[in-house]
Amino acid sequence: MSHVAVENAHGLEQQLAVLDLSAADGQGGGTNRRYIPPHLRNKDVSKNVGNAFAAGRQGGYTIAPATNYGWDGGRNNFVNGYHDNRMTGNTFNRGPPRMERGRGGVGGGGYRGNRGGSFNPINPAQPMSFDAGGWNTAKDAYSSFGNNRGKSAFFNDRGNANRGRFEHGGFGGGGGGGNSRWVEESRDDGDWSKPTPRNERLEHELFSGSNTGINFEKYDDIPVEATGQNCPHHIESFQDVDMGEIVMGNIALSRYTRPTPVQKYAIPIVKSKRDLMACAQTGSGKTAAFLLPILSQIYADGPGEALNAAKASGQENGKFGRRKQYPISLVLAPTRELALQIYDEARKFSYRSRVRPCVVYGGADIGQQIRDLERGCHLLVATPGRLVDMMERGKIGLDYCNYLVLDEADRMLDMGFEPQIRRIVEQDTMPHKGIRQTMMFSATFPKEIQILARDFLEEYIFLAVGRVGSTSENITQKVVWVEESDKRSFLLDLLSATVIPSEVQDSTGDNIEKPGKDSLTLVFVETKKGADALEDFLYREGYACTSIHGDRSQRDREEALNQFRSGKCPILVATAVAARGLDISNVKHVINFDLPSDIEEYVHRIGRTGRVGNLGLATSFFNDKNGNITKDLLDILVEAKQEVPSWLESLAYEHQHKSSNRGRSKRFSGGFGARDYRQTAAGVNAGGFGGRGGRNQAGHGGTRGFGGGGFGNFYTSDGYGGNYSHSQVDWWGN
DNA sequence: AAAAAAC
């Protein structure tokens with residue numbers, strides 16, 4: 001299984017290696033784009049590049065990645081009864097106009113298509129058994145999955161339903177909804193630390209598609225800083241701390257073998273009831289780092305007062321049962337899709353427990369969400385606006401919320417979100433800090449936001465795994481100079497080299513196998529309009545693509561994400577909405593068609609690739625509109641041991657002298673910050689930035705060498721030198 | 001100036 005990914009990765013790197021990125025040199029203008037077929041390229045170098053990449057790649061794949069093989073969401077062109085003719089070979093028919101495109105099917109059958117449908121038994125990548133109290137996860141589970149073949153009608157019924165996720169809750173394995181109240185009553189009573197009976201259907205639904213091939217046999221080189229009073233010692237294995245039978249069983253079902261670095265530290269900290277501010281690189285397992293210990297605590301402690309409150313609320317409201325839910329834990333996230341993703345993880349780790357997770361977010365039918373809440377809610381994942389709405393409608397009470405998590409905490413506390421967070425946390429019935437336990441997670445955490453964050457924390461432990469805000473070294477970062485007018489054609493060059501199978505042949509006449517559905521490309525743009533326009537352009541060019549941004553309907557957003565995830569649309573054009581937190585396996589390439597204006601956004605965007613020990617590639621288009629990010633970008637590249645174009649260095653040097661406000665993001669500086677920022681921008685526009693000049697001086701402008709004389713490999717112009725060298729040590733130290 | 005997040 002793993003060699004598939006290796007080959008693909010190898011192929012990707014080779015395809016990219018043949019791209020003459022010097023086309024990005026502004027000199028040539030838009031007509032300068034060209035694809036160099038393999039037989040014209042420098043063979044020696046390309047071989048080295050490929051081999052080096054493959055060698056590094058192997059280290060990252062010590063476990064067979066549990067890809068989506070079992071789901072068949074996009075592997076053939078027939079998805080949930082909807083035949084997609086957009087993906088048949090190279091001849092892309094121009095589909096219906098965008099509003100109709102990608103609807104996923106007549107009658108909504110295809111919506112959220114990868115959640116249901118028939119499945120094939122998967123081959124357990126790494127059989128693992130955890131025998132305690134009747135859990136024998138891998139063997140029993142997977143053999144019985146196999147026995148379920150042929151029952152697809154049942155799964156289709158459940159999984160294909162629009163908003164099918166709201167229907168999952170029962171224990172009866174699909175038992176009728178009529179007795180759900182009785183079911184919920186029985187769920188709450190009893191010993192919360194003991195697993196409830198197995199449910200093979202649910203078990204398969206939750207775990208068969210899991211992509212959690214997190215694995216890393218040897219690392220521990222990552223510098224970890226954990227500061228605070230009486231910081232608990234970290235663990236080395238999941239067995240080192242008592243998380244109870246239910247959590248351990250679900251860890252095994254998820255095929256987690258060892259904790260990631262952030263999990264090693266965060267789990268015992270959370271278990272010992274400490275507040276936490278945790279910073280760890282993208283793709284390093286933060287979600288499980290809080291879900292596992294929180295759930296294990298809830299299983300150990302039981303529902304406590306929340307149960308009585310919920311029951312009382314139900315009695316007040318008569319025969320309709322619990323009107324108001326009192327979640328024990330609340331997880332807040334900045335985007336709807338991220339909330340949904342966290343909820344999906346929570347479902348896994350609450351399998352066979354009495355904890356019922358729920359998710360609420362805007363853009364979706366609130367009535368359905370309310371009905372789902374009323375079936376019981378112990379762990380709530382939410383976006384802020386919808387949660388406030390639910391609170392004001394009396395559907396949610398935070399009176400007994402003992403665990404509060406801010407995921408992407410720096411985003412949750414920045415200007416756009418802070419008032420809502422204060423409304424939820426400080427101006428309502430949530431237990432005060434010191435009583436509740438508060439945890440914050442992010443890959444970036446600017447100092448200014450850290451200070452703000454202290455308002456919500458008590459005696460907290462600060463945890464930094466790696467340097468705060470740095471990028472994973474297993475992402476190869478490229479920055480290319482591309483004028484605005486050249487961006488589209490340059491993008492086509494990149495895509496033609498990586499995404500769509502083409503007729504390009506190598507010197508032996510064999511077709512090159514280009515990565516297809518297993519190789520996803522995520523293209524970021526700065527505006528919603530720009531996303532629409534670029535998606536449309538790519539679509540007319542024959543690429544199977546879709547887009548996600550805040551002006552699309554929630555249904556379309558989720559469907560776009562599913563089509564991307566499944567490989568049905570291997571190109572996704574996105575705004576910042578997709579920058580943070582989304583865990584999409586097989587994203588091999590992130591392209592910053594437009595660079596963001598702040599470095600945190602850049603770090604999160606490129607973090608959609610190179611996750612859980614895999615390697616990835618990020619290419620950013622840079623021109624003189626991007627002056628404000630120059631220095632921070634340079635710092636990031638240097639820190640991650642990436643090649644730095646010498647023109648970028650020159651520009652950063654110039655820019656440094658133009659701006660005294662460098663490095664201070666506008667949103668952190670209060671009232672005067674924005675003005676300072678504008679001054680900076682004005683300075684750029686006044687010509688001092690001098691993109692072209694700086695770039696052309698690149699040869700002698702740089703202060704860093706590029707490996708001495710060995711520099712002229714592929715990208716000789718602009719000092720865009722070097723092969724695709726990458727660290728031989730991946731994030732996990734392999 | 002833009003994006004995100006409630007209706």
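Values below: all heavy atoms of this structure, side chains included; hydrogens, waters and symmetry mates excluded. Sequence lines set the chain letters: A, B, ... in the order given, protein chains first and strands last, and positions in each chain run from 1.
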In whole angstrom, what separates A/Arg423's CZ from B/dA6's C1'? 12 Å
Could you give the CD-to-P distance, from A/Glu408 to B/dA5, as a whole number of Å? 13 Å
Can you tell me how far P of B/dA2 sits from CZ of A/Phe417, to the nearest Å? 18 Å
Report yes if a side-chain nitrogen or oxygen of A/Arg336 is closer than 4.0 Å to either non-bridging phosphate oxygen (OP1 or OP2) of B/dA6; otherwise report no. yes
Is the phosphate of B/dA1, meaning OP1 or OP2, less than 4.0 Å from a side-chain N or O of A/Ser597? no
OP1 or OP2 of B/dA1 less than 4.0 angstrom from a side-chain nitrogen or oxygen of A/Lys625, does that happen here? no
Contact class for A/Gly550 (heavy atom, under 4.0 Å): base, sugar-phosphate, or nothing? sugar-phosphate
Using a strict threshold of under 4.0 Å (side-chain N to carboxylate O), is an ion pair present between A/Lys286 and A/Asp407? no
Counting side-chain heavy atoms from C-beta on, which of B/dA5, B/dA2, B/dA6 comes nearest to A/Asp389? B/dA6
To the nearest Å, give me how far apart NE2 (A/His549) and P (B/dA5) are. 12 Å
Classify A/Arg393 by what it touches in the nucleic acid, base, sugar-phosphate, or nothing, heavy-atom distance under 4.0 Å. nothing
Identify whether the distance between the nearest side-chain nitrogen and carboxylate oxygen of A/Arg565 and A/Glu558 falls below 4.0 Å. no
Compare all side-chain heavy atoms of A/Ile366 with those of A/Arg393 and state whether any distance is below 4.5 angstrom. yes
Under 4.0 Å: is that the gap between some side-chain N or O of A/Arg580 and OP1 or OP2 of B/dA5? no
Can you tell me the distance, in whole Å, between the CG atom of A/Asp551 and the P atom of B/dA3? 7 Å
Picking from B/dA4, B/dA6, B/dA2, the nucleotide nearest the side-chain atoms of A/Thr335 would be B/dA4
Of B/dA5, B/dA3, B/dA6, the nucleotide closest to the side chain of A/Arg557 is B/dA5
Please give, in whole Å, the distance from B/dA3 P to A/Glu337 CD? 16 Å
Does any donor atom in the side chain of A/Glu600 or A/Thr444 lie under 3.5 Å from an acceptor atom in the other side chain? no
Atom CE of A/Met412 to atom P of B/dA4: distance rounded to whole Å? 15 Å
If I compare all heavy atoms of A/Thr609 with all of A/Val587, which pair ends up nearest, and what's the gap? OG1-O, 2.5 Å
Reckon A/Thr527 has a side-chain N or O less than 4.0 Å from the OP1 or OP2 of B/dA1? no
Rounding to a whole Å, what distance do you find between A/Phe524:CZ and B/dA4:C1'? 13 Å
